[in-house]
Amino acid sequence: MPEAVLFDWTNTLSQFAWDDALLAEGHRAGLTALGRADEAAEYTERYRAEVLPAVTAAGAWSVLDYPTELRKVLGDVSDEELDDFLDAEHDVWAAARTVAPGLDLLLQRLDGLGVNVGIIANTWPDPARLLRREIAALGEVGSLFRPIVLSGEVGVRKPDPAIFAIALDALELDPFDVYFVGDRLVDDVGGAGSVGMVTVQATWFHTDRSDGTIEPDFVAATTADVLDAVLSDR
């Protein structure tokens, strides 16, 4: 049985569904936090025209600094004001986020088996601290995750082997004693596999189709399948 099971976040433990109405609502909440609610409609219009196309372009994470992009529309705001804006906006978007079905049961069972659980996730464009808020919102099961390794905090992203090595160092475990569960073949399966972890492709939210060059050790259509994979390794 593995000593630890580590998870990706987006489209693995949590799913985010775009909602155009929430875009405007989130902007209004963010600007209200700054005492600028009357600018909301104009801000959303400019955001859609100037920021959204750049942020959603392929590879945007590697070339864009999101706070800089926001300041092009928000104007000269302090770091604290930008945080206030993002916090209020993020709270509105909570309605668009769902956790994986059966997640609580899976984490409780793994914990009961003495298996450590953790998270390795890429974070962009929002700051890593907002993802930590989402994890904390899971309540008691969210407190089980150790370590939590986020690209926005450690300065390296999946599939770079270095981000997986950081988690292994924190656990003080060999990679073959650790499972990694994620939806993406390159970032998750390929990255974790490159350091020797046992890989599980999670397909309950999203299926990243294989081209034959990257294959997971297990495929999990449900969170229960992750537990089955763990229990099979006895």
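Hydrogens, waters and symmetry mates play no part in the numbers below; they use all other heavy atoms, side chains included. Along the sequence shown, residues carry numbers from 1.
Residues D187 and P159 approach most closely at OD1-CD, 3.3 Å, considering heavy atoms. Shown here for V181 and W204, the closest heavy-atom pair between the two residues is CG1-CH2, 4.1 Å. Pairing each heavy atom of R48 with each of D20, the nearest pair is NH2-OD2, 2.8 Å. Among all heavy-atom pairs drawn from V117 and L107, the shortest one is CG1-CD2, 4.2 Å. Across all non-hydrogen atoms, the minimal contact from K72 to R46 is O-NH2, 3.1 Å. The shortest non-hydrogen separation linking A37 to T32 is CB-OG1, 3.4 Å.
Residues F205 and V186 do not share a hydrophobic cluster, defined by chaining ILVMFWY side chains whose heavy atoms lie under 4.5 Å apart. Linking ILVMFWY residues whenever their side-chain heavy atoms come closer than 4.5 Å, directly or via other members, leaves L144 and L105 in distinct clusters. V198 and L106 end up in the same hydrophobic cluster when Ile, Leu, Val, Met, Phe, Trp and Tyr side chains are linked at under 4.5 Å. Residues L173 and V226 do not share a hydrophobic cluster, defined by chaining ILVMFWY side chains whose heavy atoms lie under 4.5 Å apart.
Looking at heavy atoms from C-beta onward, L13 lies in side-chain contact with I119 at the 4.5 angstrom threshold. For the pair V115/E3, no side-chain contact is recorded, criterion being any heavy-atom separation below 4.5 Å from C-beta on. Two residues are said to be in side-chain contact when any heavy atoms from C-beta on lie closer than 4.5 Å; V5 and V178 fail this criterion. At least one side-chain heavy atom of R36 sits less than 4.5 Å from a side-chain heavy atom of V77. Contact annotation: the side chain of Y47 approaches that of L52 to within less than 4.5 Å [non-hydrogen atoms, C-beta and beyond]. Looking at heavy atoms from C-beta onward, L185 lies in side-chain contact with P216 at the 4.5 angstrom threshold. You'll find the side chain of L130 reaches within 4.5 Å of the side chain of D87, heavy atoms only. Proximity of W93 to W18: side-chain heavy atoms (C-beta onward) are separated by under 4.5 Å at one or more points.
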(message) Set out, in order, the CA-CA distance, both residues' side-chain angles and the distance that settles side chain to side chain contact (heavy atoms under 4.5 Å, CB included) for V230 and V200, then state yes or no.
(response) CA-CA 10 Å; V230 168; V200 183; over 6 Å; no
(request) Please assess D126 against R133 for the test salt bridge (Lys or Arg N to Asp or Glu O under 4.0 Å), listing each intermediate value before the final yes or no. (result) CA-CA 12 Å; D126 287 334; R133 284 177 57 181; over 6 Å; no
(message) side chain to side chain contact (heavy atoms under 4.5 Å, CB included) for Y43 and L70? Distances and angles first, verdict last.
(response) CA-CA 10 Å; Y43 177 87; L70 290 184; 3.5 Å; yes
(message) Go through it in stages, so that I can follow the logic: the residues are V141 and Q108, the test is side chain to side chain contact (heavy atoms under 4.5 Å, CB included), and I'd like the CA-CA distance, side-chain angles, deciding distance and then a yes or no.
(response) CA-CA 7 Å; V141 294; Q108 289 164 359; 3.9 Å; yes
(request) Go through the steps for E50 and V73 under the test side chain to side chain contact (heavy atoms under 4.5 Å, CB included), then give the verdict. (result) CA-CA 8 Å; E50 301 175 26; V73 183; 4.1 Å; yes
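Ion pairing between a basic and an acidic side chain is recognised when a charged N comes within 4.0 Å of a carboxylate O; R28 and D38 show no such pairing. A salt bridge links R132 and E153; the closest N-O separation between the charged side-chain nitrogens and carboxylate oxygens is under 4.0 Å. In this structure, K158 pairs ionically with D188, as a charged nitrogen and a carboxylate oxygen lie closer than 4.0 Å. The pair D19-R97 does not count as a salt bridge, with every side-chain nitrogen at least 4.0 angstrom from each carboxylate oxygen.
Under a cut-off of 6.0 angstrom, the local environment of CD in E42 is sparse, with at most 12 non-hydrogen atoms contributed by other residues, nucleotides or ligands. Enclosure of atom CD in E45 is not indicated, since only 12 or fewer non-hydrogen atoms of other residues, nucleotides or ligands lie within 6.0 angstrom.
Formation of a donor-acceptor pair under 3.5 Å by the D65 side chain with backbone atoms of T68 is found in this model. With hydrogens and angles ignored, the 3.5 Å screen pairs no side-chain donor or acceptor of T123 with any backbone N or O of L150. Under the 3.5 Å distance criterion, the side-chain polar atoms of T44 are left unmatched by any main-chain donor or acceptor of A41. T223 contributes a side-chain N or O that, together with a main-chain N or O of P101, makes up a donor-acceptor pair within less than 3.5 Å.
For the atom pair D160 CG and R157 CZ, the distance stands at 11.0 Å (nearest 0.5 Å). To the nearest 0.5 Å, atoms CD (E81) and CG (L86) are separated by 12.0 Å. Going from atom CD of E89 over to atom CG of L31 covers 9.0 Å, rounded to the nearest 0.5 Å. Once rounded to the nearest 0.5 Å, the distance linking CG of L138 with OG of S14 reads 8.0 Å. Taking NE2 of H27 as the reference point, atom CG of L74 lies at 8.5 Å (rounded to 0.5 Å). With rounding to the nearest 0.5 angstrom, the CG atom of L110 is 10.0 Å from the CG atom of N116.
Of the candidates N11, T10, D183, H206 forms a side-chain hydrogen bond (donor to acceptor under 3.5 Å, both in side chains) with just one, namely D183. The side chain to side chain contact (heavy atoms under 4.5 Å, CB included) test with V149 is passed by exactly one of L6, D169, I166: I166. Each of I120, I148, L131 was scored for a side chain to side chain contact (heavy atoms under 4.5 Å, CB included) with W9, with one residue passing: L131.
D233 and Y179 share a donor-acceptor pair across their side chains, judged by distance under 3.5 Å alone. Side-chain contact check for E134 and H90: at least one donor-acceptor pair (N or O, by modelled atom type) lies under 3.5 Å.
Applying the ring pair (Phe, Tyr, Trp, His ring centres under 6.0 Å) rule to pairs touching residues 124-176 yields F164-F180, sequence neighbours excluded. Counting only residues at least two apart or in different chains, ring pair (Phe, Tyr, Trp, His ring centres under 6.0 Å) contacts with residues 50-84 are absent.
Remark: T203 engages Q201, T207, V219, A221 in a side chain to side chain contact (heavy atoms under 4.5 Å, CB included) (not counting sequence neighbours).
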